[in-house]
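Below you'll find the structure, written out as structure tokens, and then a few comments.
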Amino acid sequence: MADKRVYGKWMPETMERALKEYREGKIRLNKIEVKYKIPKKTFLRHYRGEVGRGFSRNCNLSINGRDTALPSAAEKELEGVILEFESALMGLTRNEVRRLAFQILESNPHLKNPFNKDKQMAGTKWYYSFMKRHPHLSLRQSEKVSIARVQGFNRKNVGNFFDSLEKIVDDNKLTPWRIFNIDESGFSTVQKNSSKIIGQKRKDRIGQFARGENMTVVCCCSASGQFIPPMIIFQRMRNCIDLKTGAPDGSIVEVSESGNINSDLFIKWL
DNA sequence: TGCACGGCCACAACCTACGT
DNA sequence: ACGTAGGTTGTGGCCGTGCA
């Protein structure tokens, strides 16, 4: 026959009141079961201090079972850190969160650290339980956002740019065929998905700084639609004629250590 | 007889390691 | 990413024992 018992039907507050009354001799054990809905057995364990953590649980999501490795306050703090990193476009990956949980316990010697000492991080099961306890966090695919875009693309800077552009165009009486726009764009030569990071649920997009581009293309065209052949910069020490295979006519193919444009290459492009 | 107490056992939730 | 086995810690019902 199936067990119909219900666990954890009592509240910490009622346990506290029952303990107080019982200590003062105001209530009998059997009455506690009726008045406070606390099973005798459970009450006595708490009364005698047989329950290690007492009746104030670290995690209030459940009654049974052992405590979460991180006390609820530490979990809340960790959640705050995750959201803070995410909003600063440095979203933490799953493993980074697991490492962080380990480090929190390591830096608090009074807390028991049940996590794997060799791996120096919390287990995967801990991670999934943590995410379950914090339903407004979710693992999301990040979008790469460059530092320049983060720092420069704001209302003030964009406004200043167009004010300056307008002044230069007016002062020099520039016509469309004399206005050229040059820009460089970085590419990765190895297609690899960006790692997933943890962020706030239901947020439209979550960004992450772009790292490690290793090929650059410098493009230029005029306001009247006239195109200049591109400069393609590969990340390598020596140039090779094969790198030019299939490139548009008139293209310049160069190499640099970082794969980015530098002052020498820019002069060369001019 | 009512009450306090304790042993036993199944259950529950939180973890781990390991395998697929 | 998920399933499984196993450890840890706490819960709760049942039942037997001892005592006033």
Side-chain angles (χ1 to χ4, degrees), chain A residues 1-79 82 91-135 137-142 192-199 201:
Chain A
M1 198 171 157
D3 198 333
K4 292 280 173 66
R5 74 189 67 181
V6 182
Y7 295 91
K9 58 192 174 194
W10 54 273
M11 304 295 288
E13 305 85 62
T14 54
M15 176 65 86
E16 200 165 12
R17 279 208 298 275
L19 285 170
K20 188 169 179 287
E21 282 189 33
Y22 189 69
R23 278 193 199 104
E24 290 167 356
K26 289 178 182 170
I27 194 167
R28 309 299 299 273
L29 200 53
N30 283 357
K31 282 274 179 191
I32 286 170
E33 193 154 20
V34 179
K35 187 179 174 186
Y36 292 110
K37 304 275 186 291
I38 302 171
K40 267 191 290 189
K41 189 85 179 173
T42 304
F43 175 81
L44 280 171
R45 281 193 193 112
H46 287 274
Y47 177 69
R48 295 185 195 126
E50 290 170 7
V51 180
R53 63 173 179 237
F55 53 84
S56 304
R57 293 184 58 84
N58 284 335
C59 174
N60 57 9
L61 289 175
S62 57
I63 296 297
N64 298 334
R66 66 183 194 193
D67 271 356
T68 51
L70 263 69
S72 57
E75 284 209 354
K76 208 166 175 59
E77 197 181 327
L78 177 59
E79 186 192 341
I82 290 168
L92 299 173
T93 63
R94 188 173 13 216
N95 284 352
E96 281 167 346
V97 169
R98 288 167 61 193
R99 269 188 217 102
L100 205 52
F102 182 89
Q103 285 160 11
I104 288 172
L105 289 182
E106 283 293 280
S107 58
N108 289 281
H110 62 285
L111 296 173
K112 192 183 162 196
N113 188 347
F115 298 141
N116 191 313
K117 301 279 187 297
D118 295 332
K119 290 183 182 172
Q120 297 275 303
M121 60 165 87
T124 51
K125 284 289 155 82
W126 172 86
Y127 164 76
Y128 288 112
S129 302
F130 173 77
M131 294 300 278
K132 212 167 149 186
R133 289 191 292 270
H134 300 267
L137 293 179
S138 70
L139 192 64
R140 308 279 301 278
Q141 186 70 54
S142 65
K192 188 183 167 193
N193 286 341
S194 52
S195 54
K196 286 185 177 179
I197 60 168
I198 300 165
K201 225 176 212 174

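Each chain gets a letter, A, B and so on, in the order the sequences are listed, and its residues count up from 1.
- Contact of the A:Glu21 side chain with the A:Lys35 side chain is registered, since non-hydrogen atoms from C-beta on lie closer than 4.5 Å.
- Rounding to whole angstrom units, NZ of residue A:Lys31 and C1' of B:dA4 are separated by 16 Å.
- Protein atom CD1 of A:Ile32 is 19 Å distant from nucleotide atom P of B:dG2, rounded to whole Å.
- No N or O donor and acceptor, one from the side chain of A:Arg45 and one from the base of B:dG6, sit under 3.5 Å apart.
- Note that the CD1 atom of A:Ile32 and the OG1 atom of A:Thr42 stand 11.5 Å from one another [nearest 0.5 Å].
- Between A:Thr42 and C:dT11, a side-chain N or O to OP1/OP2 separation shorter than 4.0 Å is absent.
- When the side-chain nitrogen and oxygen atoms of A:Arg28 are compared with OP1 and OP2 of B:dA4, one or more of them lie within a distance under 4.0 Å.
- B:dC3 atom C1' lies 15 Å from atom NZ of A:Lys41, rounded to whole Å.
- If you measure from atom CZ of A:Phe43 to atom P of B:dG6, you get 14 Å, rounded to the nearest angstrom.
- Rounded to an integer number of Å, the gap from A:Tyr47 OH to C:dG10 C1' is 20 Å.
- In terms of heavy atoms, A:Tyr22 sits closest to A:Leu29 at CE1-N, 3.9 Å.
- As a whole-Å value, the separation of A:Arg98 CZ from B:dA17 C1' is 12 Å.
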Restricting both atoms to N or O, compile the protein contacts to nucleotides 17-20 of chain C shorter than 3.5 Å, with distance only.
none

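- A:Tyr36 has its side chain within reach of A:Ile27: a pair of non-hydrogen atoms, C-beta onward, lies under 4.5 Å apart.
- Between A:His46 and C:dG10 there is no side-chain polar atom (N or O) within less than 4.0 angstrom of OP1 or OP2.
- At whole-Å resolution of the value, NZ in A:Lys40 and P in C:dC14 are 11 Å apart.
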